[in-house]
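Report on one structure; see the data block that follows.
First listed ligand is number 1; within each ligand, the first listed atom is number 1.
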Amino acid sequence: MTLIIYVLADGSRRDIDVEVGRSVMEGARDNDIPGIVADCGGACACSTCHVYVDGDWVGKLPAPDRIEQDMIEFAWEPDASRSRLTCQLKVSKDLDGLIVHVPERQN
Ligand code: FES
């Protein structure tokens, strides 16, 4: 298990242990984290699993591929420096303690 910290739009924090190999989106969905909608179920085709990665973590994550980059542009108020789609973030031990900020809304 890997600790993923979801900071909700109201500032509250949910600490969730997510199984290695799942996605950060699945960790949210399976634990009823509000604000991560994931309409397309993880196919990188909707952008409703958008989060802002905490500043300390941005450089530690694998870079988004072109498809994710393109889809992020359709997210609500994307921030090119720290927006990611959680369905594309695969949980590994390296992500232990990852902090993601859930936006106020999705599309
Ligand atoms: Fe649709 Fe991530 S769940 S893009």
- Task: Report the distance from atom CD1 of Ile5 to atom CZ of Arg13, rounding to the nearest 0.5 Å.
- Result: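 Those atoms lie 4.0 Å apart.
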
- Check for a donor-acceptor pair, side chain of Lys90 on one end and backbone N or O of Val24 on the other, with a separation under 3.5 Å.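 Absent.
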
- Item | Cys46 and ligand 1 - part of the residue with a heavy-atom distance under 4.0 Å |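 It is both backbone and side chain that touch ligand 1.
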
Atoms of ligand 1 close to [X] [distance to a heavy atom under 4.0 angstrom, numbered from 1]:
{"X": "Cys44", "value": "4 (S)"}
{"X": "Cys49", "value": "2 (Fe), 3 (S), 4 (S)"}
{"X": "Cys87", "value": "2 (Fe), 3 (S), 4 (S)"}
{"X": "Gly42", "value": "3 (S)"}

- Charged N to carboxylate O under 4.0 angstrom, Arg22 versus Asp30?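 Between Asp30 and Arg22 there is a salt bridge, with a charged N closer than 4.0 Å to a carboxylate O.
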
- Query: Any side-chain donor paired with an acceptor under 3.5 Å for Asn107 and Ser47?
  - Reply: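 There is such a pair between these side chains.
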
- Working for salt bridge (charged side-chain N to carboxylate O under 4.0 Å, His left out), residues Asp96 and Lys93: CA-CA 5 Å; Asp96 195 47; Lys93 283 292 174 199; 5.9 Å; no

- Message: I'd like to know if atom 1 (Fe) of ligand 1 has an N/O/S atom from Cys40 within less than 2.8 Å of it, counting both backbone and side-chain atoms.
- Response: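 Here the distance criterion (N, O or S atom, under 2.8 Å) is met by Cys40, so yes.
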
